[in-house]
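The block underneath contains the structure these notes are about, expressed in structure tokens.
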Amino acid sequence: MKTINIFTFITAMAAILIFSSCDNNGGDDIPKKTGVVVVNQGNFGQGNGTLSFYDEEQKTITNNILANANNGAALGSIIESIQQHDGMGHLVCNAADKIEFFDINNFKFLANPVTNINTPRYMVVSSDKAYITCYGTYDANFMLPDSYVAVMNITNKTIIDSLECGSGPEGIALFNNKIYVANSYESSVSVIEISSGNSSKIQLEAAPQHFALDENLQLWVTVTSYYGTYPADKVGLQAINTSTNTKGQFIEVPGLSDDGLVAVNGSGDTFYLLTAEPWPGTATNVLEFHAESKSLAADPLVTGENFYGIGYNTSTDRLYVADAAGFAGNGKILVYDAEGTLIDEQVASVGPFQFMFK
């Protein structure tokens with residue numbers, strides 16, 4: 001099952017950036033302060049995605065915060081990604097084909113969900129509009145000929161338009177009044193002009209997944225083997241020339257996870273990437289990419305097993321890693337400082353993989 005990972009880095013770009021039952025491990029039933037929202041994807045086909053809340057100061061976690069805030073109401077979906085804008089949280093639910101809205105302060109559901117959307121994946125917000133990558137419907141050969149980017153009016157929560165992109169769109173980014181879309185099924189990036197809706201493509205040599213912007217406003221996209229479809233030496237970070245809409249420098253990242261997850265520190269000079277040994281192995285690492293030298297650190301920052309998600313809290317310089325435990329029960333979150341020293345770990349719910357910092 002594909003994921004992601006979600007984060008927001010500087011105002012120039014919102015980067016690409018969820019319910020099973022679990023006991024309360026501490027904190028308030030409905031957190032109302034700053035902290036970390038943990039997105040638990042849930043089991044595929046079971047509709048048990050959830051949110052947890054982690055209090056950095058108290059080092060406590062509260063699970064099932066949506067159910068706690070909404071009289072036990074179930075989301076009834078796995079969650080593909082999360083986004084926040086102007087006090088509102090957006091849950092992108094691809095199993096239930098909906099966008100659910102909630103107040104990020106009290107976690108109560110808002111208004112009615114958007115349901116006229118087909119397999120949504122990731123979203124980014126600009127002004128009063130949200131742009132959401134959508135797989136569309138699979139054909140008889142399990143291909144995606146009708147993928148698109150849905151345009152949603154944030155104010156009235158309605159889908160108002162669709163934009164052309166490539167097949168299997170995953171991560172999405174906004175930069176210089178353009179939308180960049182990672183088309184994972186066809187190894188290309190779509191570039192969409194917001195003003196006109198005109199679309200073009202940048203052809204790549206592996207499957208793009210998620211975007212990141214560095215300290216020099218250089219846009220990068222992770223490119224993966226897509227479960228062995230592309231050669232190992234084509235896997236890594238691909239720079240995008242946003243002036244000419246062409247490929248720039250390529251940095252090979254051996255073992256980059258097929259979900260291509262990436263987090264960025266507050267200054268934009270360091271990317272954090274998840275790598276994984278081939279199945280059935282479970283060993284995973286966090287690698288650092290240094291933007292100024294355009295090089296990978298010689299040794300992993302963090303090592304472990306079953307790492308499934310990653311995020312970086314730029315307010316506190318904390319690195320968050322999600323351990324899904326192979327979806328064989330509740331996973332956990334691991335909290336590190338910027339040097340890779342473990343600060344805390346807490347049990348979350350099923351399939352933790354994404355973090356929202358509020």
Side-chain angles (χ1 to χ4, degrees), residues 2 4 6 8 12-17 80-81 83 85 90 92 94 97 99 114 116-139 141 143-154 158-213 217-224 226 229-230 234 237-248 250 260 262:
K2 300 290 301 299
I4 166 70
I6 68 54
T8 301
M13 182 192 86
I16 322 326
L17 291 28
E80 191 60 43
S81 62
Q83 183 64 272
H85 177 72
H90 304 75
V92 181
N94 75 356
D97 285 351
I99 309 294
V114 165
N116 58 330
I117 196 165
N118 198 329
T119 319
R121 305 292 292 177
Y122 296 88
M123 70 181 290
V124 68
V125 178
S126 175
S127 185
D128 61 346
K129 293 182 177 66
Y131 300 90
I132 307 155
T133 55
C134 298
Y135 270 10
T137 303
Y138 285 96
D139 65 15
N141 297 314
M143 300 304 290
L144 295 168
D146 300 316
S147 296
Y148 64 101
V149 174
V151 183
M152 182 175 69
N153 183 302
I154 289 291
T158 58
I159 301 298
I160 58 174
D161 199 1
S162 64
L163 302 173
E164 179 185 352
C165 69
S167 180
E170 291 288 353
I172 183 168
L174 283 169
F175 188 69
N176 283 350
N177 297 312
K178 299 174 186 175
I179 301 169
Y180 292 84
V181 180
N183 302 314
S184 66
Y185 271 47
E186 60 177 56
S187 64
S188 73
V189 167
S190 287
V191 184
I192 306 171
E193 299 282 349
I194 292 180
S195 58
S196 66
N198 292 335
S199 179
S200 60
K201 289 181 181 177
I202 304 170
Q203 295 299 324
L204 306 180
E205 297 183 75
Q209 298 292 341
H210 295 288
F211 296 94
L213 195 67
L217 303 185
Q218 169 68 65
L219 184 65
W220 299 82
V221 63
T222 56
V223 288
T224 73
Y226 204 78
T229 302
Y230 300 97
K234 304 300 182 183
L237 280 165
Q238 176 65 63
I240 300 295
N241 186 321
T242 55
S243 298
T244 61
N245 291 335
T246 57
K247 291 187 299 183
F250 171 74
V262 56

Under the 3.5 angstrom rule, does the side chain of [X] hit a backbone N or O of [Y] as a donor-acceptor pair?
| X | Y | value |
| --- | --- | --- |
| N241 | S243 | yes |
| K178 | T242 | yes |
| N183 | S187 | no |
| T222 | H210 | yes |
| S147 | S167 | no |

Could you give the distance from [atom1] ([X]) to [atom2] ([Y]), rounded to the nearest 0.5 Å?
| X | Y | atom1 | atom2 | value |
| --- | --- | --- | --- | --- |
| Q203 | T246 | CD | OG1 | 13.0 Å |
| L163 | C134 | CG | SG | 10.5 Å |
| L174 | L213 | CG | CG | 11.5 Å |
| M123 | Q83 | CE | CD | 6.0 Å |
| M152 | Y131 | CE | OH | 11.5 Å |
| L217 | F175 | CG | CZ | 5.0 Å |

Check: [Y] and [X] side chains under 4.5 Å, non-hydrogen atoms:
| X | Y | answer |
| --- | --- | --- |
| Y180 | S190 | no |
| I99 | I117 | yes |
| E80 | P120 | no |
| I132 | H90 | no |
| I192 | V181 | yes |
| D146 | D139 | no |
| W220 | Q238 | no |
| N118 | Y148 | yes |

| said: Is it the case that over 12 heavy atoms from other parts of the model lie below 6.0 angstrom from the CG atom of N177? | reply: no
| task | May I ask you to check whether over 12 heavy atoms, not counting those of Q218, lie within 6.0 Å of atom CD? | result | yes
| message | Would V221 and L237 count as a side chain to side chain contact (heavy atoms under 4.5 Å, CB included) here? Give the steps. | response | CA-CA 6 Å; V221 63; L237 280 165; over 6 Å; no
Looking at [X] and [Y], what are the two nearest heavy atoms and their distance?
| X | Y | answer |
| --- | --- | --- |
| R121 | N94 | NH1-ND2, 2.7 Å |
| E186 | S188 | OE2-OG, 2.9 Å |
| G136 | T119 | O-OG1, 3.5 Å |

| remark: Only residue of S184, P169, S81 satisfying side-chain contact (heavy atoms from CB on, under 4.5 Å) with T133 is P169
| task | Kindly indicate, with the supporting measurements, whether the criterion side chain to side chain contact (heavy atoms under 4.5 Å, CB included) is fulfilled by I154 and H85. | result | CA-CA 9 Å; I154 289 291; H85 177 72; 4.0 Å; yes
| task | Verify the ring-centre separation between Y185 and Y226: is it less than 6.0 angstrom? | result | yes
| message | Under a 3.5 Å threshold, yes or no: a donor from one side chain and an acceptor from the other, between E193 and S195? | response | no
| task | Under the salt bridge (Lys or Arg N to Asp or Glu O under 4.0 Å) rule, collect the residues that match up with K129, sequence neighbours excluded. | result | none
| query | Taking only residues two or more places apart in sequence or in another chain, which ones pass side chain to side chain contact (heavy atoms under 4.5 Å, CB included) with N198? | reply |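 With neighbours one apart ignored, the set is S196.
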| message | With side chain to side chain contact (heavy atoms under 4.5 Å, CB included) as the criterion, how do Y230 and E205 come out once you've worked through the C-alpha distance, each side chain's angles and the decisive distance to 0.1 Å? | response | CA-CA 8 Å; Y230 300 97; E205 297 183 75; over 6 Å; no
